[in-house]
2 protein chains.
Amino acid sequence: MQDINELRDITFFENLNSEELEQLATISRKRKFSKGEVLFYEKDESRFLTLLTEGILKVYKTDPKNNEIVLHRFQYKTLVAEMAVFEGIPYPASAAFETDGSVIEIDFIKFKKSFLYSPDIAFAFFKSLTQKIKCLEDVIALNIVLDSTARVAKYICENQEALQMKHNQLAQYLHMTPETLSRVFKKFAKLGFIEKVGSSYIVKDKDALTILFE
Amino acid sequence: MQDINELRDITFFENLNSEELEQLATISRKRKFSKGEVLFYEKDESRFLTLLTEGILKVYKTDPKNNEIVLHRFQYKTLVAEMAVFEGIPYPASAAFETDGSVIEIDFIKFKKSFLYSPDIAFAFFKSLTQKIKCLEDVIALNIVLDSTARVAKYICENQEALQMKHNQLAQYLHMTPETLSRVFKKFAKLGFIEKVGSSYIVKDKDALTILFE
DNA sequence: AGCCCTGATTGATATATATCAATAAATAAT
DNA sequence: ATTATTTATTGATATATATCAATCAGGGCT
């Protein structure tokens with residue numbers, strides 16, 4: 001059972017009236033997690049529709065060498081792994097918290113019956129699914145289509161926070177080793193595309209970087 | 001304007017009555033393509049909800065070296081690129097026919113207004129979107145998580161038609177060169193996992209192959 | 001200050017796969 | 001059936017990136 005006021009704040013449910021929110025509250029519950037905790041593992045049974053409410057959650061696959069391939073890094077109030085729940089299949093990837101966080105878990109069978117037929121909810125659900133597709137297409141574009149140099153260029157151009165991240169974490173996200181990332185940064189610095197300021201870098205020539213991945 | 005009988009045969013519309021089919025026909029049209037023709041290019045404006053009705057259609061991205069990364073190979077009556085149409089964004093990938101084929105193009109604005117609010121259609125649309133997600137997750141699992149040997153093993157275990165495909169096409173789909181594919185086949189043949197029969201191979205030891213990718 | 005400890009850098013080497021080039025086999029065309 | 005054309009195989013080499021190993025910061029902590 002979940003606090004109604006918190007549900008009201010979630011864009012997904014913004015068009016629900018008080019009565020509907022009340023009903024939603026009876027089929028949902030809140031769970032808190034600390035940094036590092038795992039929300040679910042790949043191949044676990046998917047049982048609840050899960051909504052991330054606080055914190056950063058990464059969704060990843062593990063390859064045979066135990067490298068993580070990060071598919072998503074969710075930071076906003078967003079549905080997580082709704083595909084698996086909708087299809088009734090096991091989770092295709094694992095999810096772990098990078099910070100303290102919390103989720104709301106909703107009984108999907110009941111949610112489907114009572115809410116998913118409403119056009120507003122259905123459209124929010126469409127939107128959520130299409131966002132996931134866009135995100136996965138980006139992962140593919142980033143990791144399969146581009147080489148290491150282009151991946152780094154693209155990522156630091158499109159994500160301001162990238163240069164503030166710890167390099168080993170960024171390397172993991174870009175699916176390369178910290179050594180390779182370090183060498184790419186060095187190359188960019190030598191070319192004057194970025195510049196070392198303190199212990200971090202800043203972008204100096206975004207246009208030049210952009211050419212590298214387009 | 002589209003033939004109603006053909007629309008009736010598409011699972012997507014199986015629950016529509018004659019009147020609705022008639023309406024749908026007025027907002028859709030059929031287009032035929034020959035082998036090799038391009039349905040749309042990456043970055044083209046997406047304007048119609050597109051349904052593949054005949055033929056094999058591949059959806060792919062092109063990397064800087066002009067390699068194609070195949071995201072989907074559609075062979076059944078299925079929606080194509082509905083994400084882009086729904087989001088109103090340009091196509092994130094290109095699509096070309098591998099055989100002669102045909103599609104039905106539906107005016108999405110009108111479709112959304114008149115059909116997408118109906119629960120049956122909405123659920124078919126959900127299903128289509130979740131299938132796309134599953135497919136993209138598989139592409140990632142195949143191409144980023146696994147190495148060449150494991151990719152081939154997985155693909156020939158899970159797709160009977162794989163060994164009938166032309167090797168250069170299969171190599172492209174598995175995102176490797178024909179040379180690498182040839183060497184992997186040779187290795188599998190030497191290990192007795194597959195066997196050459198005429199100009200093609202057959203699987204001899206599926207269990208052994210399965211171990212390679214799990 | 002000095003001491004840890006995690007993270008970053010650098011160099012040397014290994015490895016998988018691509019590329020290039022030559023040939024062989026299979027399929028299609030005459 | 002013979003030729004032409006596409007596709008597959010094989011070997012030699014190149015290349016990008018991983019791996020391993022050593023050293024080098026920077027940021028807390030006592």
Side-chain angles (χ1 to χ4, degrees), chain A residues 35-36 62-70 98 142-156 161-191 193-202 212-213, chain B residues 35-36 62-70 98-99 142-156 161-191 194-202 212-213:
Chain A
K35 182 178 171 176
T62 309
D63 74 11
K65 292 179 200 149
N66 269 7
N67 298 317
E68 291 179 359
I69 289 106
V70 179
E98 286 191 356
L142 197 68
N143 288 293
I144 307 184
V145 178
L146 302 179
D147 64 14
S148 297
T149 304
R151 287 211 291 289
V152 176
K154 184 178 168 88
Y155 202 72
I156 63 180
E161 79 276 14
L163 292 171
Q164 270 66 259
M165 279 171 83
K166 270 187 276 182
H167 286 188
N168 57 0
Q169 209 170 4
L170 179 59
Q172 186 186 63
Y173 186 70
L174 293 175
H175 196 231
M176 65 185 69
T177 58
E179 292 95 324
T180 301
L181 179 63
S182 173
R183 290 184 242 261
V184 172
F185 273 144
K186 196 181 167 188
K187 185 166 72 179
F188 287 169
K190 198 174 269 178
L191 291 164
F193 299 169
I194 61 176
E195 195 177 289
K196 196 159 200 169
V197 175
S199 67
S200 178
Y201 289 96
I202 54 165
L212 293 177
F213 62 87
Chain B
K35 180 177 174 179
T62 310
D63 74 10
K65 291 179 201 148
N66 270 6
N67 296 317
E68 291 179 1
I69 289 102
V70 178
E98 286 191 355
T99 62
L142 196 67
N143 288 293
I144 308 185
V145 178
L146 303 179
D147 65 13
S148 297
T149 304
R151 286 212 291 290
V152 177
K154 185 179 168 85
Y155 202 72
I156 62 179
E161 79 278 14
L163 292 171
Q164 269 66 258
M165 280 171 81
K166 268 187 277 180
H167 287 188
N168 58 359
Q169 211 169 6
L170 178 59
Q172 184 186 62
Y173 187 69
L174 292 175
H175 197 228
M176 66 185 67
T177 57
E179 291 95 325
T180 301
L181 179 64
S182 173
R183 289 184 243 263
V184 172
F185 273 143
K186 196 180 167 188
K187 186 167 71 181
F188 287 169
K190 197 174 270 177
L191 290 164
I194 61 177
E195 193 177 289
K196 194 156 201 171
V197 174
S199 69
S200 178
Y201 290 96
I202 54 166
L212 292 178
F213 63 88

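Any value given below was found using the heavy atoms of this structure, including those in side chains, with hydrogens, waters and symmetry copies removed. Naming convention: chains lettered A, B, ... in sequence-line order (proteins, then strands); numbering from 1 in each chain.
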When all nucleic acid strands are considered with a 4.0 Å heavy-atom cut-off, which category describes B:T177: base, sugar-phosphate, or nothing?
->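 It contacts base atoms.
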Between [X] and [N], is there a side-chain N or O to OP1/OP2 distance below 4.0 Å?
X: A:Y201; N: C:dA8; answer: no
X: A:T180; N: D:dT17; answer: no
X: B:H167; N: D:dT9; answer: yes
X: B:N168; N: D:dT6; answer: no
X: B:S199; N: C:dT27; answer: yes
X: A:K196; N: C:dT9; answer: yes
X: B:S182; N: D:dA8; answer: no

Atom [atom1] of [X] to atom [atom2] of [N]: distance rounded to whole Å?
X: B:Q172; N: D:dT6; atom1: CD; atom2: C1'; result: 16 Å
X: B:F185; N: D:dT9; atom1: CZ; atom2: P; result: 8 Å
X: B:M176; N: C:dT15; atom1: CE; atom2: P; result: 20 Å
X: B:M165; N: D:dT7; atom1: CE; atom2: C1'; result: 14 Å
X: A:E68; N: D:dA18; atom1: CD; atom2: C1'; result: 17 Å
X: A:I144; N: D:dA16; atom1: CD1; atom2: C1'; result: 17 Å
X: A:I69; N: D:dA18; atom1: CD1; atom2: P; result: 12 Å
X: B:L181; N: C:dT19; atom1: CG; atom2: C1'; result: 16 Å

Over 60° means perpendicular and under 30° means parallel, so classify the ring planes of A:H167 and A:Y201, tilted if in between.
->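 Answer is parallel, since the angle falls under 30°.
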Of all the choices, D:dT17, C:dG7, D:dC20, which nucleotide is nearest to the side chain of A:E179 once you look at every atom?
->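 The answer is D:dC20, which lies nearest to the side chain.
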From C:dT9, D:dA8, D:dT10, pick the nucleotide closest to the side chain of B:K186?
->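 So the nucleotide nearest the side chain must be D:dT10.
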Among B:L181, B:L174, B:T180, side-chain contact (heavy atoms from CB on, under 4.5 Å) partner for B:T177 |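 With B:T177 as partner, side-chain contact (heavy atoms from CB on, under 4.5 Å) holds for just one option, B:T180.
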Spell out yes or no: do the side chain of A:R183 and the base of D:dT19 have one donor N/O and one acceptor N/O closer than 3.5 Å?
->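 Yes, the side chain and the base share a sub-3.5 Å donor-acceptor pair.
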Are the side chain of B:T149 and the backbone N or O of B:V184 linked by a donor-acceptor pair below 3.5 Å?
->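 Pair absent, no side-chain N/O of B:T149 close to backbone of B:V184.
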When rounded to the nearest 0.5 angstrom, what distance separates CG in B:L212 from CZ in B:R151?
->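 Between atom CG of B:L212 and atom CZ of B:R151 there are 13.5 Å.
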Can you measure from CD1 (B:I144) to CD1 (A:I69) and round to the nearest 0.5 angstrom?
->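 Answer rounded to 0.5 Å: 6.5 Å.
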